[in-house]
Amino acid sequence: MSFKEIKGKVIVCLKNGQVRFAVRREIHLKNLLSTGEVTSQELERVIGLATGQHYQGRRHHLDSSLDVHIITLWYAGVNWYIKWYFAEPNSVFISVHH
């Protein structure tokens with residue numbers, strides 16, 4: 001899947017409320033989307049600005065069958081770090097922070 005397709009798919013998930021959150025320690029620091037400090041609309045905007053140079057993909061460290069997607073991007077005066085994978089029909093966000 002190309003970055004353009006990945007980006008489009010995650011934005012559709014955000015628009016449609018097909019969002020889940022990975023369970024992890026310190027979620028209040030690592031996932032601002034799950035705490036409501038970042039809205040889906042704001043995250044759509046940030047992801048929408050990302051290009052291939054802001055993206056990297058890798059395998060999930062606990063489940064090598066999952067592709068993890070990472071965007072790092074400077075936006076609105078902060079450095080964003082967004083990390084997720086797809087578990088159909090949802091996007092599962094591991095990290096959303098700055």
Side-chain angles (χ1 to χ4, degrees):
M1 189 180 305
S2 71
F3 173 65
K4 185 177 179 178
E5 293 168 320
I6 291 164
K7 183 166 94 166
K9 186 174 178 178
V10 73
I11 288 173
V12 166
C13 286
L14 286 162
K15 286 183 185 296
N16 294 336
Q18 296 169 305
V19 173
R20 300 291 175 262
F21 305 106
V23 176
R24 62 182 304 183
R25 290 182 306 221
E26 300 182 358
I27 192 130
H28 64 286
L29 299 174
K30 298 288 188 177
N31 201 325
L32 300 177
L33 182 63
S34 72
T35 64
E37 293 178 59
V38 170
T39 66
S40 292
Q41 294 80 14
E42 185 175 12
L43 193 57
E44 288 172 35
R45 206 168 25 253
V46 174
I47 292 172
L49 293 171
T51 66
Q53 72 180 7
H54 303 113
Y55 172 79
Q56 60 180 288
R58 56 176 74 142
R59 296 288 182 184
H60 194 286
H61 69 284
L62 295 176
D63 183 349
S64 63
S65 70
L66 293 174
D67 291 321
V68 174
H69 310 284
I70 303 166
I71 291 175
T72 54
L73 172 71
W74 183 264
Y75 171 73
V78 294
N79 193 30
W80 288 79
Y81 182 84
I82 305 161
K83 185 176 180 180
W84 78 96
Y85 61 89
F86 295 109
E88 297 301 331
N90 302 303
S91 291
V92 180
F93 286 90
I94 302 166
S95 295
V96 177
H97 62 87
H98 44 69

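Along the sequence shown, the residues carry numbers beginning at 1. Since the model is a prediction, treat every value here as computed from it, not as a measurement. Only this structure's heavy atoms are used, side chains among them; waters, hydrogens and symmetry mates stay out.
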Open item on the list: Please report the interatomic distance CG(Leu43) to CD(Gln41), rounded to the nearest 0.5 Å.
Closed with: 10.0 Å
- [ ] Would you mind reporting whether Leu14 and Phe93 have side-chain heavy atoms less than 4.5 Å apart?
- [x] yes
Open item on the list: Could you measure the distance from the CD1 atom of Ile94 to the CG atom of Leu33? Nearest 0.5 Å is fine.
Closed with: 13.0 Å
TODO: Look at the aromatic rings of Trp80 and His98 and report parallel, tilted or perpendicular, splitting at 30° and 60°.
DONE: perpendicular
Just list the side-chain donor-acceptor pairs under 3.5 Å for residues 1-13, sequence neighbours left out, or say none.
from: Ser2; atom 1: OG; to: Glu5; atom 2: N; distance (Å): 3.2
from: Ser2; atom 1: OG; to: Glu5; atom 2: OE1; distance (Å): 3.3
from: Glu5; atom 1: OE1; to: Ser2; atom 2: N; distance (Å): 2.8
from: Lys7; atom 1: NZ; to: Gly48; atom 2: O; distance (Å): 3.1
from: Lys7; atom 1: NZ; to: Ala50; atom 2: O; distance (Å): 2.8
from: Lys9; atom 1: NZ; to: Glu88; atom 2: OE2; distance (Å): 2.4

Open item on the list: What's the separation between atom NZ in Lys15 and atom OG in Ser40, rounded to the nearest 0.5 Å?
Closed with: 10.0 Å
TODO: Take atom CZ of Arg59 as the centre, draw a 6.0 Å sphere, and report whether it contains more than 12 heavy atoms from other residues, nucleotides or ligands.
DONE: yes
TODO: Please name the pair of heavy atoms, one in Asn31 and one in Ser95, separated by the smallest distance, quoted to 0.1 Å.
DONE: ND2-N, 4.2 Å
- [ ] Could you tell me the separation between the OG1 atom of Thr39 and the CG atom of Leu32, rounded to the nearest 0.5 Å?
- [x] 11.5 Å
Task: ILVMFWY network linking Ile82 to Trp74, side-chain heavy atoms under 4.5 angstrom - done: no
Task: Nearest atoms (heavy-atom pairs only) where Glu42 meets Glu37 - done: OE1-O, 4.4 Å
TODO: Enter the distance from Ile47:CD1 to Leu73:CG here, rounded to the nearest 0.5 Å.
DONE: 9.5 Å
Open item on the list: Could you measure the distance from the CH2 atom of Trp84 to the CD1 atom of Ile70? Nearest 0.5 Å is fine.
Closed with: 9.0 Å
Open item on the list: Tell me if a side-chain donor or acceptor on Asp67 pairs with a main-chain N or O of Gly57 at a distance below 3.5 Å.
Closed with: no
TODO: Classify the angle between the aromatic ring planes of His60 and Tyr85 as parallel (below 30°), tilted (30 to 60°) or perpendicular (above 60°).
DONE: perpendicular
